[in-house]
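Chain identifiers are assigned alphabetically (A, B, ...) following the order of the sequence lines, protein sequences preceding nucleic acid strands; residue numbering begins at 1 within each chain.
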Amino acid sequence: MTIGPLREPTFLILTALAARAQHGYGILRDVEEISDGRVTLRAGTLYAALERLGADGWVAVDREEVVAGRLRRYYRLTDKGAARLEAEVARLRAHAHMAQRRLQARLAGGTA
Amino acid sequence: MSELERRYRRLLDWYPRGHRERNGEEMLGVLMAGAGDRRRPGWRESADLLWGAARLHLRWLTAADGGVDSRDVMAIVSLLAPMTLIAGATTGLHELGWWVRAGALSDMSWQQQFPDAPVWAVWLAVAVLGLRGFRRAAAVGAGLGTAGFGLLAVLAPFQHWWNDRDAGWVLLGLVTTIALASSSGPSHGRRLVGQRAIAMMVVTVVAVVVIGTVGSHVQAAQWLQMAVLVGGVVASCGVQSRVGRRAALVLLLPVVTTLLAKVLLAVPGSFAQTAPTALVIATFYGVPLMVLLTLGCLPRRSLTVRLG
C-alpha cells in the first residue's frame with residue numbers, strides 16, 4: 001500500500017515527540033524550534049491533530065500531572081507512530097538525495 | 001477567573017462535549033501558558049480554535065475519531081432490521097384485512113392484492129431465526145428476501161418496487177443481509193441494546209402496521225406511522241449511544257426514502273416520471289448509502305463474509 005506524505009504540522013508534531021514525551025505547550029514551543037521559527041502551531045490545530053494522531057494510534061498519553069492547579073498531559077510517540085515517522089524521513093531523504101543528484105547533473109551540464 | 005480565561009472558556013465551548021471533557025482544562029492550560037500578558041484572545045487564535053472545533057465536530061459526525069465501531073452498528077441492525085422490515089407489509093395487510101372483513105378471502109387474488117406476501121413471510125422467518133440465534137439461516141433468508149424485492153421490481157413494477165419509498169425497504173433488506181452475513185450477529189446486537197429493545201421494536205412494528213392498516217389512504221395516518229416508526233426505532237437502538245443512533249439511521253432507511261420521494265415529487269414535473277432511470281436509482285439508493293457511509297453507519301473497509 002502506498003503511504004501518502006505527512007502534512008507538515010503532523011510531521012513536526014511527531015518529530016517533537018520522537019525523543020521524549022511532551023505536554024501540549026511543550027510541543028508548541030518545540031515545533032517552533034524544530035522549524036526554526038517558520039511554523040507556529042496554535043492550540044486548536046495542535047489538539048485537532050493530537051485527536052487524529054491518537055485515533056490512528058501514532059500518539060498516546062504518557063502521563064498526567066497537575067501544575068499550578070492545571071492539568072498537564074504528556075504525549076508520547078507510539079511504536080506505530082515512530083515507524084510512520086521513520087518512513088516519512090526515508091521518503092524525504094530519498095527525494096532530497098534525488099534532488100541533489102539532479103542539481104549536480106545540472107551543474108555538470110552547465111559547465112560542460 | 002480572569003477575563004482572558006473566561007473568553008478562552010467561551011471559545012472552548014464550541015468543541016464537542018466529549019473532547020471538552022477530556023481535553024478542555026488541558027487546552028485552557030496551554031492557551032493561558034502561551035497568552036503572555038494578553039488580556040483577550042487574538043483573532044488568529046480565536047479563528048484557530050473555532051476551526052479546530054469545526055474539524056473535531058466533523059470527525060465526530062463522520063465517526064472518523066474511531067469512536068464508533070461499525071461492526072456494533074451492523075450487529076444491532078442484524079438483530080432489529082428483520083423486525084423493522086415486517087412493517088413494510090402494511091399495505092398488503094391492509095388489503096388482506098379488507099377481504100377478510102368482506103368475508104371473501106377465498107375470492108381474493110393474491111397475485112393482484114398481495115403479490116409481495118411471500119417476501120414478507122420470508123422476512124418474518126428471518127426475524128424469528130435471528131432472534132433464535134440462527135444467524136447463518138437468517139442470513140440466507142435475508143438474501144432470499146432481498147432477491148424477492150428484486151423479483152417484485154420485475155414482476156410488479158406498477159407498485160414502484162425499485163424507487164420511491166419502497167427503495168428504502170429494498171436498501172434495508174440489502175444492508176440487513178450484509179449485516180447478518182458479516183457482523184458478529186444478532187446475539188451481539190442483543191448484548192448491545194438489551195432485551196427491552198426487542199420488545200420495544202415488536203410493539204413499534206405492530207403499532208405501525210395497525211396505524212397503516214386502519215388509516216390507509218389517510219395522509220395524517222402516514223405521517224403518524226412514520227413518527228411512530230422513528231420514535232420506536234430510536235428508542236430501541238438507544239438515542240444516547242453513537243452506535244445506537246447510527247443503527248437507528250440504518251433502520252429508518254424506508255423513512256428516509258419516503259421523505260426523499262415526498263420532497264422530489266413535490267417538485268413540478270414529478271421527478272420519478274421524468275428523470276432518467278439512472279438518476280432515480282442514484283437518488284434513492286446512492287444518496288442514502290453515501291450518507292450512511294459518510295456517517296460511519298456502514299463498514300468502510302471491504303466486508304468479510306462470515307457465514308461460518
For this session: Under 4.5 Å, counting heavy-atom pairs only, tell me which of B:His19, B:Glu26, B:Arg59, B:Glu45 racks up the most with chain A.
Result: B:Glu26
Exercise. Taking it one step at a time, do A:Arg72 and A:Tyr74 satisfy side chain to side chain contact (heavy atoms under 4.5 Å, CB included)?
Worked result: CA-CA 7 Å; A:Arg72 189 175 273 186; A:Tyr74 284 78; 3.7 Å; yes
Exercise. Can a donor-acceptor pair be found between the side chains of B:Thr146 and B:Thr177 at a distance below 3.5 Å?
Worked result: yes
For this session: Select, from B:Leu12, B:Leu11, B:Asn23, B:Leu31, the one with the greatest count of heavy-atom pairs under 4.5 Å involving chain A.
Result: B:Asn23
Exercise. Does the pair A:Arg93/A:Glu88 count as a salt bridge with the N-to-O cut at 4.0 Å?
Worked result: no
Exercise. Side chain, backbone, both or neither: which part of A:Leu28 has a heavy atom under 4.5 Å from chain B?
Worked result: side chain
Exercise. Can you tell which of B:Arg22, B:Met32, B:Met27 has the highest number of heavy-atom pairs within less than 4.5 Å of chain A?
Worked result: B:Met27
Problem set entry | No-hydrogen, no-angle side-chain donor-acceptor test under 3.5 Å, A:Thr10 and A:Arg52 | yes
